[in-house]
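Read the numbers this way: they start at 1 and go in the same order the structure lists the ligands and their atoms. If you're wondering where the values come from, they're calculated on a predicted model, not measured in any experiment.
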Amino acid sequence: MQCLLCNRQLRFELTIRDLLLPTKIVKPLICDDCQQSFTPLTGQTTCPGCSRPQEKSVLCLECNKWRNAYPWQLTHHALYRYDDAMKEFIQRYKFAGDYRLRQIFISEFVSAISKSQVDMVVPIPVTEQTMRTRGFNQVEGLISDLPVNRLLKCRDKEKMAQSKKNRRERLASKQPFILTNEAAVRGKRILLVDDIYTTGRTLYHAADLLYQAGAATVISISLAR
Ligand SMILES: [Zn+2]
Ligand SMILES: [Zn+2]
């Protein structure tokens, strides 16, 4: 088998230990070099609001702004830093549409999601136009067949990509989502799932709808931040 990212031949040898331990053997999908090019945020000191790596575990400046804008605070957990390696991965997976690459992070992402004690997992949706051109929702691709509640829909059929907006434009953007079933979220603990946390704007819009409909708690997770 070859590394999904650099095509180098993968060496995978079973050791006696692998054969004796009752745990499931996970075959690597990418080589060690590619794996090490990503920067995990686990174990780093980060902002409890948005997973930004920083020296102290206190709300960062941006999260303080969110706290003034809404009567609640999102607690966001991200698995990896959105650095050059992750940007390249996202470019190839999401924008160039190489659907196979979703496999690289599935087991880790699904395991992190499964650890959160929530009643429902709600993925951030893509527009109809994105669905037609890309062919998949990149967020759902990253969580495979984990059961989700598709309670959010994009208000518009197409939207200007967040990646094409500058920071100010992103923060000023209007509510892009519609909640399809308000009654379903009342009193529920909900985990929102996105691929990347950039400004937080998308997740705060989504969480706002859920809280307005009576959700008890909304937390969020993304592959990268
Ligand atoms: Zn590689
Ligand atoms: Zn923060």
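In terms of hydrophobic clustering, with Ile, Leu, Val, Met, Phe, Trp and Tyr side chains grouped at heavy-atom distances under 4.5 Å, L41 and L74 are assigned to different clusters. Residues I30 and M1 share a hydrophobic cluster, clusters being chains of Ile/Leu/Val/Met/Phe/Trp/Tyr side chains in contact below 4.5 Å.
Around CG of N68, the count of heavy atoms belonging to other residues, nucleotides or ligands within 6.0 Å exceeds 12.
Expressed to the nearest 0.5 Å, how far SG of C31 lies from CD of Q9 amounts to 11.5 Å. Taken from CG in N137 to CZ in R150, the straight-line distance is 8.0 Å, to the nearest 0.5 Å. Within the model, atoms OG of S111 and CG of L146 stand 10.5 Å from one another, a figure rounded to the nearest 0.5 Å.
For the Zn ion (ligand 2), protein N, O or S atoms closer than 2.8 Å were enumerated as C47 SG, C50 SG, C60 SG, C63 SG, with waters left out. Listed by chain and number, C3 SG, C6 SG, C31 SG, C34 SG are the protein N/O/S atoms closer than 2.8 Å to the Zn ion (ligand 1), with waters left out.
Taking the ring centroids of Y211 and Y70, they lie at or beyond the 6.0 Å cut-off. Under the 6.0 Å cut-off for aromatic ring centres, F89 and Y80 do not qualify, their centroids lying 6.0 Å or more apart.
Under the 30°/60° scheme for interplanar angles, the aromatic rings of Y99 and Y93 are found to lie parallel.
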